[in-house]
Asks: 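Let me give you the structure first, and then I'll get to my questions.
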Amino acid sequence: MSNPILERAASNGVSLEMRGAVAVVSLRRPAKRNALNDALVEALRDVFQNLPADARAAVIQGEGDHFCAGLDLSELKERNAGEGMHHSRGWHVALDAVQFGRVPVIAALHGAVVGGGLELASASHIRVADESTFYALPEGTRGIFVGGGGSVRVPKLIGVARMTDMMLTGRVYNAQDGERLGFAQYLVPQGQALDKAIELATRIATNAPLTNYALMHALPRIAEQPADHGLFTEALMASIAQSAPEAKERVRAFLEGKAAKVQKSS
Ligand code: 1HE
């Protein structure tokens, strides 16, 4: 790796390894359960803002027994109100780099996905959880609030009522319930989340890049627009995507019987 930004990120606990066209990003602070201190949040931001040009999809995972224990609570105790505001805004920039970067991001989840760890997972586009995964928002019981975009992103997955309950009561959801409620789109046996995430990312990497980009950037914005505006944005995005040479080639291949049909699922 010769990129100094990625080298600095690696020394601060976030490494990147290319597997074909998939960038595998790893949180590497297992002794602290991948708790996110300031250096790690900045490293995450830097990695996702500087993915290699040949990356067409990314996976994020945590080393050790847990995906991520959330905010590093040891850094919280010294912060005043102004510093707290800037700290939260720094998380927003980092997690926006995950959600609104250049390529789709698949989170491979296991063990604790809690607090800021759940906020990070929620910024990804697809979540694959193994059976050891559990989800919680201990902020409520620790006397704090979410600050990494959780109040915006988590209700989009499970609804405001469930998030309120999690924060008021400290409720923890297991992997099965998490999939049923919408935290994860895929549930796999213990130890298999990373392989499944890489398999999905490898498939996604073969899509037309402009279609992937449109899905990541247009869908969440359209969801927040009034219907009339959303339909207009959709029409704009559709016309841009279908005018790309790659789209024309792919459609022609299907019409000539050279592209796969949609198969009934088993
Ligand atoms: C930590 C953190 C952390 C572990 N900050 N140091 N997040 C939380 O409230 C979750 C807090 N963590 C836990 O509940 C547990 O650690 C776990 C369920 C994740 C894992 O349990 P376990 O038994 O495997 O590990 P452990 O023994 O609790 O922790 C191992 C070490 O990691 C230990 O340090 P050590 O020096 O004694 O070895 C822990 O202190 C340390 N550790 N989690 C700091 N979070 C943008 S705002 C977001 C707001 C939030 O995210 S609030 C939620 C914070």
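Quick caveat: nothing in here was measured; it's all calculated off a predicted structure. Start at 1 and go down the list; that is how both ligands and their atoms are numbered.
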Asks: Number the atoms of ligand 1 from 1 as they appear, then name those within less than 4.0 Å of a heavy atom of Gly148, with their elements.
Replies: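 By the 4.0 Å cutoff, the relevant atoms are 46 (C).
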Asks: Would Tyr186 end up clustered with Leu157 when hydrophobic side chains under 4.5 Å apart are linked, directly or stepwise?
Replies: no
Asks: Quick check on atom 48 (C) of ligand 1 - does any protein heavy atom sit closer than 4.0 Å to it?
Replies: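 For atom 48 (C) of ligand 1 the answer is yes, since some protein heavy atom falls inside 4.0 Å.
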Asks: Is there a protein heavy atom at a distance of less than 4.0 Å from atom 51 (O) of ligand 1?
Replies: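 True for atom 51 (O) of ligand 1.
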Asks: Considering Ala35, Pro138, Gly84, which one's heavy-atom position lies nearest to atom 53 (C) of ligand 1?
Replies: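 Result: the heavy atom closest to atom 53 (C) of ligand 1 is in Pro138.
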Asks: With a 4.0 Å cut-off on N to O distance, would you call Glu249 and Arg252 a salt bridge?
Replies: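 Judged by the 4.0 Å cut-off on N to carboxylate O distance, Glu249 and Arg252 do not form a salt bridge.
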Asks: Which ligand 1 atoms are under 4.0 Å away from a heavy-atom of Gly147?
Replies: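 Result: 46 (C), 47 (S).
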Asks: Give the atom numbers and elements of ligand 1 that come within less than 4.0 Å of a heavy atom of Ile144.
Replies: 52 (S)
Asks: What part of Ser88, side chain from CB on, backbone N/CA/C/O, both or neither, has a heavy atom under 4.0 Å from ligand 1?
Replies: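 Ser88 to ligand 1: no contact under 4.0 Å from either part.
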Asks: Looking at Arg19 and Glu17, is there a salt bridge between them, counting it only when a charged N and a carboxylate O are closer than 4.0 Å?
Replies: yes
Asks: Taking distance alone, with no angle check, do Gly116 and ligand 1 share an N/O pair under 3.5 Å?
Replies: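 Looking only at distances, the answer is yes, because the N/O contact criterion of under 3.5 Å is met.
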Asks: Heavy-atom contacts with Ala112 under 4.0 Å: which atoms of ligand 1 show up? List them by number with element.
Replies: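 Here the atoms of ligand 1 in question are 19 (C).
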Asks: Does the protein put any heavy atom within less than 4.0 Å of atom 39 (C) of ligand 1?
Replies: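 No.
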Asks: What residue and atom, counting heavy atoms only, is the protein's closest point to atom 5 (N) of ligand 1, and at what distance?
Replies: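 Among all protein heavy atoms, the one nearest atom 5 (N) of ligand 1 is Leu73 N, 2.9 Å.
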Asks: Just checking, is any N or O donor in the side chain of Asn34 or His66 under 3.5 Å from an acceptor N or O on the other one?
Replies: no
Asks: Within the structure, does at least one protein heavy atom fall under 4.0 Å of atom 19 (C) of ligand 1?
Replies: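 Under 4.0 Å from atom 19 (C) of ligand 1, at least one protein heavy atom found.
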Asks: Return a yes/no value: protein heavy atom under 4.0 Å from atom 15 (C) of ligand 1?
Replies: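 Answer no: nothing from the protein, no heavy atom, is under 4.0 Å.
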Asks: Just to confirm my output: which protein heavy-atom neighbour is closest to atom 11 (C) of ligand 1, and how far is it?
Replies: Arg142 NH2, 3.7 Å
Asks: What residue and heavy atom of the protein are closest to atom 43 (N) of ligand 1, and at what distance?
Replies: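 Minimum-distance protein heavy atom for atom 43 (N) of ligand 1 reads Ala69 CB, 3.4 Å.
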Asks: Are Arg33 and Asp65 close enough, and set up right, to give a salt bridge (Lys or Arg N to Asp or Glu O under 4.0 Å), and what steps lead you there?
Replies: CA-CA 7 Å; Arg33 308 314 185 242; Asp65 292 338; over 6 Å; no
Asks: Under 4.0 Å between a Lys/Arg side-chain N and an Asp/Glu carboxylate O for Arg153 and Asp96?
Replies: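 Here Arg153 pairs with Asp96 in a salt bridge, since their nearest N and O are under 4.0 Å apart.
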Asks: Taking it one step at a time, do Thr133 and Phe67 satisfy side-chain contact (heavy atoms from CB on, under 4.5 Å)?
Replies: CA-CA 8 Å; Thr133 307; Phe67 174 70; over 6 Å; no
Asks: Please check if a non-hydrogen protein atom sits closer than 4.0 Å to atom 45 (N) of ligand 1.
Replies: yes
Asks: Is a side-chain donor-acceptor pair under 3.5 Å present for Arg89 with His86?
Replies: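 Side chains of His86 and Arg89: no pair found under 3.5 Å.
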Asks: Below 4.0 angstrom from a heavy atom of Trp91, which ligand 1 atoms are there? Numbered from 1 as shown, please.
Replies: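 The list of qualifying atoms is 46 (C).
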Asks: Which of the numbered atoms in ligand 1 are below 4.0 angstrom from a heavy atom of Glu139?
Replies: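 Reading through ligand 1 atom by atom, the close ones are 48 (C), 49 (C), 50 (C), 51 (O), 52 (S).
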Asks: Where is the nearest protein heavy atom to atom 30 (C) of ligand 1: which residue, which atom, and how far?
Replies: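 Among all protein heavy atoms, the one nearest atom 30 (C) of ligand 1 is Arg33 CZ, 3.5 Å.
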Asks: What protein heavy atom sits nearest atom 42 (N) of ligand 1, and how far off is it?
Replies: Lys32 O, 3.9 Å
Asks: Heavy-atom distance from atom 33 (C) of ligand 1 to the protein below 4.0 Å?
Replies: no
Asks: Quick one: closest heavy-atom pair of Leu27 and Ile60, and the distance?
Replies: CD2-CD1, 4.5 Å
Asks: Near Gly70, which atoms of ligand 1 are under 4.0 Å from a heavy atom of that residue?
Replies: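 It comes down to these atoms of ligand 1: 51 (O).
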Asks: Between Arg8 and Asp46, does the salt bridge (Lys or Arg N to Asp or Glu O under 4.0 Å) criterion hold? Intermediate values first, please.
Replies: CA-CA 9 Å; Arg8 194 183 58 211; Asp46 290 345; 2.8 Å; yes
Asks: Test salt bridge (Lys or Arg N to Asp or Glu O under 4.0 Å) on Arg162 and Asp165; report intermediate values, then the result.
Replies: CA-CA 5 Å; Arg162 285 200 182 93; Asp165 174 36; over 6 Å; no
Asks: Sub-3.5 Å donor-acceptor pair from the side chain of Glu224 to the main-chain atoms of Arg221, do we have one?
Replies: no
Asks: Go through the steps for Gln61 and Glu63 under the test side chain to side chain donor-acceptor pair (under 3.5 Å), then give the verdict.
Replies: CA-CA 7 Å; Gln61 65 131 3; Glu63 301 264 303; 3.2 Å; yes
Asks: Quick test: of every protein heavy atom, which one is nearest to atom 21 (O) of ligand 1, and how far off is it to 0.1 Å?
Replies: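 Nearest protein contact, heavy atoms only, for atom 21 (O) of ligand 1 is His66 NE2, 4.2 Å.
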Asks: Heavy-atom distances under 4.0 Å are what count here, so tell me which part of Glu119 touches ligand 1: side chain, backbone, both or neither.
Replies: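 Side chain only; the backbone of Glu119 stays clear of ligand 1.
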Asks: Looking at atom 31 (C) of ligand 1, what's its closest protein heavy atom, distance included?
Replies: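 Here the nearest protein heavy atom works out to Ala31 O, 3.3 Å.
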Asks: If we ignore hydrogens and angles and just use 3.5 Å, is the side chain of His125 paired with the main-chain N or O of Pro104 as donor and acceptor?
Replies: no
Asks: Considering Asn34, Asn37, Leu71, Asp72 one by one, which has a heavy atom nearer to atom 6 (N) of ligand 1 than any of the others?
Replies: Asp72
Asks: Quick test of your reading of the model: are Arg127 and Glu179 salt-bridged, counting only N-O distances below 4.0 Å?
Replies: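 Answer for the salt bridge query: no.
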Asks: May I ask you to check whether Tyr135 and Tyr173 place their ring centres under 6.0 Å from each other?
Replies: no
Asks: Of the side chain and backbone of Leu137, name the one, both, or neither that has a heavy atom under 4.0 Å from an atom of ligand 1.
Replies: neither
